[in-house]
Structures are given as C-alpha cells and as structure tokens.
Amino acid sequence: MLRDSRIENTTCTCILCFQWLNGKEIMDHEGGHLPFESNVSNALDWSGPNRLTVAVNNTLTPFTLPCGKVVYPNDSNNYPPGYFRQELIFDFFNYAGIHRSVSLYSTSPTAYVERVRVTTDIEPQGQGMVSFAVSGVGIQDGTSTSCDIDIIDATGTVAASLKNTSSGRAEIKEPQLWWPIGSQGVKSGYQYVLKITLRGSEARVYDVYRQYFGIRTVAVDSRGLQINGKPFYFLGFGKHEDFHIFGRGFNLPVMVKDFNLMNWIGGNSFRTSHYPYAEEVLEYADQHGIVVIDESPAVGLHEFPKKTLEHHLRVMEELIERDRNHPSVIMWSVANEPKSTDENAREYFGRVINHTRALDPTRPVTFVIGGSNASLDKAASLADILCINHYFGWYSDPGHVELIQRQLSYDFRQWSSHFRKPIIITEYGADTIAGLHTSPSFIFSEEYQVEFMAAYHRAFDELRTHGILAGEMIWNFADFMTDQQINRVWGNRKGIFTRERQPKVAAHFLRGRYQNLRRVSAKGGVVLVGPEHVQYSYQNEI
C-alpha cells in the first residue's frame with residue numbers, strides 16, 4: 001500500500017525558508033530554530049531519485065525574531081551604489097543555513113499519531129498522575145480505530161495501561177520522580193515511556209509511538225522555584241549553539257562534551273540563550289537531570305509593532321508544541337533583553353506572556369531583563385520569576401571590582417521590593433583572553449575574570465541570606481562568535497571555556513563554588529541549595 005511521505009526540516013537562524021522537491025514548491029516557513037513539515041507524497045518520484053532544494057534567508061528586520069534592520073548608507077562618496085549592510089541588535093553572529101536534521105518519513109494514509117501531550121502531577125499521598133492527549137489522522141475523525149496506552153518504567157515493566165482511549169489520566173503508584181542532577185539519595189533524570197498503539201479493524205496496527213516523559217511538578221513561591229515540592233537553586237550557564245569548526249548548529253560530540261563539562265563544574269541548569277536549541281539537546285538534558293530555561297528567539301526587541309507581535313505569538317505556539325513534554329524544561333522565557341522600559345512593552349508582553357500561559361499553564365513564564373531598572377520597567381510584573389542580566393564592573397565602571405557587591409546588592413533589593421518576586425541572575429561576565437595574565441589584574445586578563453566573579457559571588461551570598469536570589473547563571477559557558485566590533489576580539493570572550501572547550505582559570509574557580517554548593521545541599525538532604533542551607537567560605541574560592 002502506498003504510504004503518505006513527509007519531510008520534516010528544522011533550520012537555524014534563517015528567517016525565511018523555501019523548499020522544492022523535484023522542482024515543485026512543497027513548503028515555506030517563517031522563523032528559524034523550530035521544526036516544520038509537509039506531506040510530499042504527490043511530489044515524489046516513486047520510480048527514481050528525488051532532489052530536495054532548500055533556499056534560506058537570514059535577513060533581519062524589525063518584524064523578525066531576532067530583530068534587526070538593513071541599512072543603505074546615503075553617502076555616495078564613501079559607499080558604492082546599492083551598498084547595504086545588516087545591522088544586528090544582539091551580540092552573536094547571525095549564521096544561516098540548515099543547522100538541524102532533515103528527515104523523510106512515511107505513515108499509514110489511514111491513521112497515524114500526529115501529536116502527543118503529557119502532563120504530570122503528584123498527589124498528596126505520593127501517587128504520580130499522568131494526563132495524556134493523543135491526536136492525529138484517523139483518531140478523532142470517525143475512522144474505526146482504537147488507541148491503547150501503556151506507561152512503561154525504566155526497567156521495561158508496564159506501570160499502567162488504558163484501552164481504547166486517546167485521552168485520559170493514569171495513576172502510577174510509588175512513582176520514580178524526575179529529579180534534577182545533584183538531588184540527594186535519588187536517581188536524577190528518571191523517565192517513563194508513554195507507548196501509544198493505534199489499531200484498526202481486525203487488530204491491525206496502524207501506528208506505534210513512544211513518548212518519553214518524567215513525573216515531576218514545578219511551582220514558584222516568594223523565595224524561588226520548587227521541583228517536586230523541594231527548593232531548587234540554579235547553578236547554571238548561559239550558552240550558545242556555537243563551536244569554532246562549524247559555527248552554529250547541532251553537533252552530537254560537542255553536545256556530549258558540553259554536558260560533561262557542566263557536570264564537571266557542578267552545574268545543574270542552563271538557558272537556551274537566545275533561541276530554541278536542537279531537540280536532541282533537550283532529550284539529553286531530560287536523561288541527565290539538567291534543568292532548562294527554554295527561550296524563544298525574541299532577542300533585540302526594541303520596537304513592538306503588531307506584525308512582530310503576531311509572529312511572536314506563533315513562535316511561542318511552535319516552541320511549546322515542540323518542547324512541552326520535556327521534563328527538563330521548567331520555565332519558558334519569551335524574550336531576552338527587550339526594551340521593557342518602553343510604554344508599549346507592557347501591552348506587548350501582556351499578550352505574549354498570557355498567550356504562553358494559556359498554551360501551557362504547568363510552567364512559569366519569564367523574560368530576561370537587561371538595561372532596565374525596577375522603577376522604570378513596564379513589563380517585569382508580568383513575569384513569574386525575574387531573570388536579570390547585569391555587568392557591573394564591565395560595561396559600567398570597568399576595572400572597579402570593589403563596587404560590584406554594593407551596586408548589585410542595591411539594584412536587586414530594588415527589584416525585590418518593587419515586585420516581590422524571586423530573582424535569578426541570568427548573565428554576569430567579563431571578556432577574557434585565555435592565557436592573558438597580569439599583575440595586578442587588568443580587564444581582559446584571567447586574573448580580572450576571577451576577581452570579577454568573586455565580587456559577584458559575595459553579592460549572591462548576601463542576597464541569598466535575605467531570600468532574594470533564586471539562582472545564578474554565568475555568562476558564558478564558552479566563548480562564541482559575534483559580529484565584527486572593536487570591543488570584540490574575534491568574538492565574545494566571556495566564556496569560562498574557550499570556544500574550543502578548553503578551561504580558563506575561571507572554570508576551575510567556578511567549579512569550586514558550584515561543587516561546594518552541591519556538597520552542602522547533599523548534606524542537608526534537599527534538592528539543591530536554598531538561601532537558608534549554605535554557609536560559604538571565600539577561602540575555598542582562592
């Protein structure tokens with residue numbers, strides 16, 4: 001029997017994508033990073049070879065995510081006719097191309113599983129509750145099919161079964177919960193499988209689909225995030241999908257190396273700055289108990305036109321549809337460093353954040369604040385947790401590490417008193433040339449990067465003791481490429497690792513802090529350290 005054949009494709013950073021199969025246009029898509037697909041059965045040559053042609057365009061405008069603009073200099077003396085340049089409103093290189101997998105797969109033309117949604121809860125008595133909804137062709141449209149559900153644990157044992165239903169709720173007695181790495185006395189990253197068997201008449205099997213998931217809950221209180229009712233403190237990283245050989249994109253060996261390095265340091269989390277990462281990265285985070293703040297590509301939002309808003313809403317729909325079943329994803333970030341002091345920001349982000357909550361009410365929603373302050377920000381009150389980037393001692397008062405603790409503590413106290421919400425510092429860092437050593441320390445030296453971080457850590461511990469800080473994430477995990485600028489020496493050098501993943505002194509320094517915090521949390525028997533559970537000695541940092 002002839003089967004429906006589909007091409008699924010995910011591109012990274014290209015803003016427009018067009019595809020042709022054997023010269024026939026089969027699909028187009030606006031926006032990068034997220035998957036899209038089309039039924040290509042009518043365009044295939046079933047008797048010979050087929051040619052797939054893909055055209056991508058990474059031109060940025062005020063209406064794209066990320067945002068940018070094309071500038072045509074009005075100066076015929078210095079620029080030739082028709083000369084133009086792309087201006088970016090963000091600090092990473094605007095790569096383009098096919099940076100994700102492209103796959104051709106086939107389905108039954110009669111019935112197949114198209115979408116699975118899984119949510120979990122934990123009853124007061126400890127039972128795990130798994131809610132599911134399965135949709136697709138031939139499931140809800142009257143075709144004579146039945147949908148059987150098996151929930152299978154990591155040993156292969158069936159923990160629950162439901163017959164002839166495409167949606168429902170199953171109880172798992174004495175469940176193994178999904179815990180983040182560093183949790184005391186439990187296995188991190190534990191997952192179940194939701195096995196869906198779609199049958200037709202005479203017990204014919206049309207489709208079998210397996211969806212991995214973890215049983216866990218996420219909640220926010222005045223002091224921070226809770227996973228399974230236990231306090232979770234972020235020890236994390238801002239990252240980029242960037243490597244010195246190939247630039248941007250998913251690479252399996254680099255991913256494994258990065259996760260090993262995060263574990264070596266003692267980290268437990270990262271943010272997908274500033275765009276959705278490959279789904280394989282989230283799958284690996286699921287397996288290893290690494291917590292993820294999943295971020296949309298809305299970086300550089302300085303204007304808020306209706307056309308951008310409409311696109312932003314669609315992007316959040318695509319992002320949540322792809323990533324909602326990943327237990328590692330504990331929060332959605334709808335944007336990075338928008339101009340949230342603008343009068344139009346509140347209405348814009350009210351629409352985006354409320355839309356995101358409606359799509360997924362099980363996770364908190366935030367956006368990352370930068371270049372704002374508590375008294376002027378128009379949108380911060382909309383976020384469940386305040387995520388804030390700061391560069392005291394770098395972009396302001398460079399070289400003056402003695403001011404960092406005072407300035408950061410004052411600023412975060414202002415945010416806390418204005419909004420009464422927990423705060424995560426999602427970026428702090430200083431550009432550092434690996435191998436550059438100075439005495440006394442000087443900006444761009446490895447010594448300055450360590451002194452800079454130590455000053456921030458003193459402020460973090462002060463803020464934790466007052467219940468203000470819910471987590472810390474260094475910027476950046478590794479050096480990465482940027483546009484050419486006079487303040488960028490072949491890219492952004494704020495990484496604690498080089499672009500080739502070799503450690504700077506700062507990596508060893510941060511390892512001492514994160515490992516110490518993880519050890520303290522293990523002794524206390526909590527998931528990860530909260531402000532009341534740590535006494536940290538700076539003698540251990542030096």
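Quick caveat, the model's predicted, so the values are computed rather than measured.
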Is a side-chain N or O of Arg493 found less than 3.5 angstrom from the main chain of Val489, in a donor-acceptor match? yes
Can a donor-acceptor pair be found, under 3.5 Å and without considering hydrogens, that links the side chain of Asn58 to the backbone of Asn94? yes
Do Glu87 and Asp483 touch side chain to side chain, with heavy atoms closer than 4.5 Å? no
For Val334, run the side-chain contact (heavy atoms from CB on, under 4.5 Å) check against Val368, Leu301, Val365 and tell me which one passes. Val365
Glu303 bridged to Lys339 by N-O distance under 4.0 Å: no
Ignoring hydrogens and geometry beyond distance, is a side-chain donor-acceptor pair present between Ser135 and Glu114 at under 3.5 Å? no
Check whether Asn389 reaches the backbone of Glu427 with its side chain - one donor and one acceptor, N or O, closer than 3.5 Å. yes
Taking the ring centre of each residue, are Phe237 and Phe270 less than 6.0 Å apart? no
Using modelled atom types and a 3.5 Å cut-off, is there a donor and acceptor pairing between side-chain atoms of Asp411 and backbone atoms of Gln407? no
About how many Å separate CZ of Phe349 and CG of Asp342, when rounded to the nearest 0.5 Å? 10.0 Å
Establish, for the pair Arg518 and Tyr233, whether the NZ or CZ atom is under 6.0 angstrom from the six-membered ring centre and no further than 45 degrees off its axis. no
Could you measure the distance from the CZ atom of Arg464 to the NE2 atom of His457? Nearest 0.5 Å is fine. 9.5 Å
Run Glu462 and Arg413 through salt bridge (charged side-chain N to carboxylate O under 4.0 Å, His left out) and show every step you take. CA-CA 11 Å; Glu462 175 189 342; Arg413 288 174 188 273; 3.1 Å; yes
Decide if the gap between the ring center of Phe84 and the ring center of Tyr72 is smaller than 6.0 angstrom. yes
Quick check: do Lys230 and Trp179 have side-chain heavy atoms less than 4.5 Å from each other? yes
Is there a donor-acceptor contact under 3.5 Å from the side chain of Thr432 to the main chain of Ala430? yes
Donor-acceptor contact below 3.5 Å, side chain Ser409 vs main chain Arg406: no
Take Phe412 and His390 through the ring-ring contact (aromatic ring centres under 6.0 Å, His included) test and state the conclusion after the steps. CA-CA 10 Å; Phe412 273 20; His390 265 314; 5.8 Å; yes
Distance col, row Glu279:CD vs Asn325:CG, nearest 0.5 angstrom, shows 9.0 Å
Identify whether the distance between the nearest side-chain nitrogen and carboxylate oxygen of Arg499 and Asp242 falls below 4.0 Å. yes
Do the ring centers of Phe452 and His400 come within less than 6.0 Å of each other? no
So does Ser222 get a backbone contact from the side chain of Lys421, meaning a donor-acceptor N/O pair under 3.5 Å? no
Is it the case that the side chain of Asn336 and the backbone of Val299 share a donor-acceptor pair, with hydrogens and angles ignored and the cut-off at 3.5 Å? no
If we only count heavy atoms from C-beta on, is the Phe234 to Ile293 side-chain gap below 4.5 Å? yes
Are any of the side-chain nitrogens in Arg248 or Glu241 under 4.0 Å away from the carboxylate oxygens of its partner? no
Tell me whether the centres of the aromatic rings in Trp475 and Phe480 are closer together than 6.0 Å. yes
Between Asp28 and Gln19: side-chain donor-acceptor atoms closer than 3.5 Å: no
Any Val292 side-chain heavy atom under 4.5 Å of Ile330 side chain: no
Asp461 with Arg513: basic N within carboxylate O range, under 4.0 Å: yes
Walk me through whether His33 and Tyr275 qualify under ring-ring contact (aromatic ring centres under 6.0 Å, His included). CA-CA 7 Å; His33 315 284; Tyr275 39 82; 5.0 Å; yes
Using the ring pair (Phe, Tyr, Trp, His ring centres under 6.0 Å) definition, which of the options Phe93, Phe90, Phe92, Tyr95 pairs with His240? Phe92
Tell me whether the centres of the aromatic rings in Tyr348 and His312 are closer together than 6.0 Å. yes
Are a donor atom and an acceptor atom from the side chains of Ser273 and Glu295 found within less than 3.5 Å of each other? no
Taking the six-membered ring of Tyr391 as reference, does the cationic atom of Lys494 (NZ for Lys, CZ for Arg) lie under 6.0 Å from its centre and within 45° of its axis? yes
Kindly say whether Val329 contributes a backbone atom to a donor-acceptor pair with the side chain of Arg363 at under 3.5 angstrom? yes
Are any of the side-chain nitrogens in Asp91 or Arg488 under 4.0 Å away from the carboxylate oxygens of its partner? yes
For residues Asn251 and Phe243, determine if any side-chain heavy atom of one lies less than 4.5 Å from a side-chain heavy atom of the other. no
Side chains of Thr498 and Asp479: is there a donor and an acceptor less than 3.5 Å apart? no
Tell me whether Thr308 contacts the main-chain N or O of Pro62 through its side chain, where contact means a donor paired with an acceptor under 3.5 Å. yes
Please enumerate all residues that pass ring pair (Phe, Tyr, Trp, His ring centres under 6.0 Å) together with Phe419, with sequence neighbours excluded. Trp415
